[in-house]
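What follows is a short report on a single structure.
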Amino acid sequence: MEGARDAEALRRRRGGGARPPGRHHRRPHRNRSRRPVSPRRRRAGRLGRLRVPRARTLRARGLPPLGADSNRADAPDPGASLRGGPSDPGRSALRLAVAADRAPGAARVAAGLHPTVDRRVARVRGAAPGGHAAAHRRHAAPPRRLGRGGGMSARQAAPRLRYAPSPTGDPHVGNIRTALWSWLHARRYGGAFIVRIEDTDQARAVAGADERILASLRWLGLDWDEGPDAGGPHAPYVQSQRLPLYREAAERLIAAGRAYRCFDTPEQLAAMRSEQRAQGRPVGYDGRCRALSRESSDARASSGEPCVVRFRMPDDGSTAFRDAIRGDIRVENATLDDFVILKSDGFPTYHLAHVVDDHEMAITHVTRGDEWIPSTPRHVRLIEALGWTPPSYVHTPVILGPDGGKLSKRHGARSVLEYADEGFLPDALFNFLAITGWSLDDHTELISRDELIENFDIADLVPNPAVFDTTKLEWMNGAYLRTVDPARLADLFEERLAQDLSGRAALPLERPLVEATVPLARERIKRLSELAPLVDFLFTGEIVAPEPGTLLGKPYRGRRPEAERALGACCSALAALESWTSEAIEGALRALAAELDERAGSLFMLCRVAATGRPITPPLFETLELIGRERTLARLRSAQETLGA
RNA sequence: GCCCCCAUCGUCCAGGGGCCUAGGACGCCACCCUUUCAAGGUGGAAACGGGGGUUCGAGUCCCCCUGGGGGCACCA
């Protein structure tokens, strides 16, 4: 994979080998010799407490997490069937401790607050002969593909993760980051990555959006095993083509008394809400249609009266679920109202549709933005009522704009396709997205896809939201640009230049010239879009003649005649050159500067502006060589005339 | 209003109670290199939000506060 090569090359370039000492990859040795050991410290230490192992450690050993079944007050453990494998959170142990305060007994034990648990921890720790070092995930990483090595828990089936966008526009970077992480996790464990289009909102659907979603995925190099175009065992992968499934589920729930029809009009509901708000009461459906008899409900429905179907939430108790990166989360059922699962147009809501599809498609890890956390208890309850088993939940943190608010157009960057247009490389964006919210260790920034696949686990994501740091992305893109294979880079340059220079340069571009610009330009741009403004004068016939003021610049300000003469001398010297190479040009110009008793830099700048039209360019001599003798002389003479006029 | 989530340099990450005098990266500043601009090199400034606990010892565990974000649709 190209990305792998690039990152490796990058690393070498920065001065490292296999265990590279490059700037971004090695932590400098800290000088510890000066550290005084306080008496206090000496006294302390040695007997650290037994720790509750974290997910990474347990996972690395193929062990199930602690406290798996600990905090369900009144319902079967939602995540039970899918836990015990790689996705399981160690942070849950921490979270359990929180729960321990509210829930008695079991939770307290699971939280590691009970001696028996400490012993269990001790046993777990003792089980690894290597101790700390072996426990470190970098050394104990399970084999990448389950099928081959089997070092991972054999009980764990291959994971199936999905990206389920709704076709309302181009995928946002935050959104695609979740897809990317899901893809990475699936690839790491030899599972499947699935794409499913969630188009149950007819009003918000945007024509062509699904194709752009797939294009975004492709551009980033995220391939899918099953999807709307690829098909698969659970086809179709478009929700609007799966309506009977949802309807059937809704009817089953009605028949079982777990859901009911609701005939309230939107106006009635709005009135109810505003009244609730006015009275300072919790806002939510009050369940007034619960009381409808089955007979009248059926009759009204078959008479064609519009209605929705609502799920009947339990009135009391609480619902808990485990989030793979946050641990266990519990919500009082009283704070959740009876929500709509089937709309009056016959389409399901997200709640019903995703629950049905994720079950039917055997999704093991439900990955989605963390704005879904508050409604996850509804999903758990819905799944339970349907008689199914909940998946693992992974709520990914959001991406914020520089001001800490939602990322929007206002901040410049938004959709994946726009980044492509701006000249970012897919590998760079991929790398950047992958490590905002996750890290390999305390010093690796540049990391290839393959390395990511070998080390990524979705449960290791950080729980906190991240500000999208465009500046760092640009740095990273520049770093990638500087290391991609020159021939490949020439392809990228040619494509981009042809696009940006269309109408200004003859197409196709001269390939040798494009190739020659690669070493000159690659260290000077961060994005492909900066290329044309930097080197357009190499490809266009004419340049805009610089103003005298620009031409003179600082060195020749107020010395217009001298500048004019210098330019003339340059022309003669360059015209006399035997060979038109950067070395010969440099020799001639340096000699001329000495002869004219000018600072070399001053003369160079004069030539630079005269030949290119601008004060910032790639190195002068190489640039003149590429411009060619004829065009160089012509431009120099024209500049000379400008000054003489 | 009710509920949920989050909290280490400006920003992104390290940090599994003593190896923390809190590490890396981007950005910033200085210097070096230098024909401009970059790239590169060296060095520097820069953080545990506050208060209580637990502990011999807390950035790390618990609680409260504060701050930020999100949810409470026939949207996802």
Side-chain angles (χ1 to χ4, degrees), chain A residues 14 23-28 30 32 34-36 40-41 43-46 48-49 51-54 56-57 90 94 97-98 100-101 112 135 164-166 168 198 200-201 203-204 262 266 269 273 276-277 280-284 306 308 323 326 329 331-332 335-337 339-340 342-345 347 349-350 354 369-375 395 397-398 400 402 404-406 432 435-439 441-445 462-469 471-476 478 482 522-525 534 586 589-590 600-605 607-609 615-621:
Chain A
R14 288 179 178 276
R23 184 154 139 234
H24 308 286
H25 304 279
R26 182 214 37 168
R27 173 218 291 259
R30 269 184 286 142
R32 293 177 179 172
R34 279 181 304 146
R35 180 178 303 134
R40 238 180 147 192
R41 281 210 162 149
R43 209 179 328 114
R46 86 170 23 171
R49 282 266 186 65
R51 305 185 193 103
V52 176
R54 8 175 340 187
R56 289 174 175 182
T57 307
L94 312 185
V98 181
D101 240 51
S166 66
T168 51
E198 307 214 325
T200 56
D201 185 352
R204 291 205 312 156
C262 170
L269 295 173
R273 275 184 219 108
Q276 288 166 335
R277 246 181 272 275
R281 284 187 293 142
V283 177
V308 300
D323 178 87
R326 273 162 267 265
I329 295 170
V331 175
E332 295 300 318
T335 65
L336 271 12
D337 65 354
F339 56 100
V340 174
L342 205 62
K343 299 184 260 185
S344 57
D345 62 2
F347 277 66
T349 59
Y350 168 81
H354 98 273
D370 65 14
E371 69 271 21
W372 286 107
I373 290 177
S375 44
H395 290 101
V398 296
L400 272 20
K406 259 192 167 142
F432 179 77
I435 67 164
T436 108
W438 182 88
S439 72
D441 50 34
D442 66 349
H443 61 279
T444 304
E445 307 286 336
V462 300
N464 47 299
V467 170
F468 193 88
D469 188 353
T471 309
K472 183 164 181 176
L473 202 213
E474 292 202 328
W475 161 76
M476 188 170 282
R482 270 168 256 131
R522 73 181 327 172
E523 317 220 313
R524 277 161 250 271
I525 59 171
L534 182 69
E586 176 167 11
L589 292 182
R590 283 195 190 282
S602 304
L603 187 67
F604 296 165
M605 187 52 90
C607 289
R608 182 191 314 281
V609 177
I616 294 174
T617 71
L620 182 63
F621 317 119

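By convention in this document, chain letters (A, B, ...) are assigned in the order of the sequence lines, proteins followed by strands, and residues within each chain are numbered from 1.
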Item to complete: Measure centre to centre between the rings of A:Trp372 and A:Tyr350, then say whether the value is under 6.0 Å.
Response: yes
Discussion item. If you go through the side-chain atoms of A:Arg326, does one of them form a donor-acceptor pair with the base of B:C5 closer than 3.5 Å?
Written reply: no
Discussion item. Show the nearest heavy-atom pair for residues A:Pro374 and A:Leu336, with the distance to one decimal.
Written reply: O-CD1, 4.3 Å
Return the polar atom pairs (N/O with N/O) between nucleotides 73-76 of chain B and the protein under 3.5 Å, or none.
from: B:A73; atom 1: OP2; to: A:Arg273; atom 2: NE; distance (Å): 3.1
from: B:C74; atom 1: OP1; to: A:Arg273; atom 2: NH2; distance (Å): 3.2
from: B:C74; atom 1: OP2; to: A:Arg273; atom 2: NH2; distance (Å): 3.4
from: B:C74; atom 1: O2; to: A:Ser344; atom 2: N; distance (Å): 2.8
from: B:C74; atom 1: O2; to: A:Ser344; atom 2: OG; distance (Å): 2.6
from: B:C74; atom 1: N3; to: A:Ser344; atom 2: OG; distance (Å): 3.0
from: B:C74; atom 1: N4; to: A:Asp264; atom 2: O; distance (Å): 3.4
from: B:C75; atom 1: OP2; to: A:Lys343; atom 2: NZ; distance (Å): 3.1
from: B:C75; atom 1: O2'; to: A:Asp201; atom 2: OD2; distance (Å): 2.8
from: B:C75; atom 1: O2'; to: A:Arg204; atom 2: NE; distance (Å): 3.2
from: B:C75; atom 1: O2'; to: A:Arg204; atom 2: NH2; distance (Å): 3.2
from: B:A76; atom 1: OP1; to: A:Thr200; atom 2: OG1; distance (Å): 2.7
from: B:A76; atom 1: OP1; to: A:Lys343; atom 2: NZ; distance (Å): 2.8
from: B:A76; atom 1: OP2; to: A:Tyr350; atom 2: N; distance (Å): 3.1
from: B:A76; atom 1: O4'; to: A:Arg204; atom 2: NH2; distance (Å): 3.3
from: B:A76; atom 1: O3'; to: A:Glu198; atom 2: OE1; distance (Å): 3.2
from: B:A76; atom 1: O2'; to: A:Ser166; atom 2: OG; distance (Å): 3.3

Discussion item. Tell me the interatomic distance from A:Gln276, atom CD, to B:G71, atom C1', rounded to whole angstroms.
Written reply: 16 Å
Worksheet item: With sugar-phosphate meaning primed atoms plus P, OP1 and OP2, does A:Phe621 contact a base, only sugar-phosphate, or nothing at under 4.0 Å between heavy atoms?
Response: base
Worksheet item: Which residue, A:Ile616 or A:Pro282, contacts RNA chain B at a nucleotide closer to its 5' end, judged by nearest heavy atom?
Response: A:Pro282
Worksheet item: Which nucleotide, B:C2, B:C12, B:C6, lies nearest any side-chain atom of A:Lys472?
Response: B:C12
Practice prompt. Nearest whole angstrom, please: distance from the P of B:U60 to the CG of A:Asp442.
Written response: 19 Å
Item to complete: May I ask you to evaluate whether A:Asn464 reaches the phosphate of B:C13, defined as a side-chain N or O under 4.0 Å from OP1 or OP2?
Response: yes
Worksheet, complete the sentence: Between CG of A:Leu473 and P of B:C12 the distance, given in whole Å, is 14 Å
Response to the item:
Out of B:U36, B:C13, B:G27, minimum distance to the side chain of A:Thr471 belongs to B:G27
Item to complete: Check every atom of B:C13, B:U11, B:A39 against the side chain of A:Asp469 and return the nucleotide holding the closest atom.
Response: B:U11
Item to complete: Please determine, for the side chain of A:Ile373, which listed nucleotide (B:G24, B:C12, B:C4) has the closest atom?
Response: B:C4
Fill in: Side-chain donor/acceptor of A:Glu445 to base of B:G24, under 3.5 Å
yes
Discussion item. Categorize A:Leu620 for me: base, sugar-phosphate, or nothing, with a 4.0 angstrom heavy-atom threshold over every strand shown.
Written reply: base
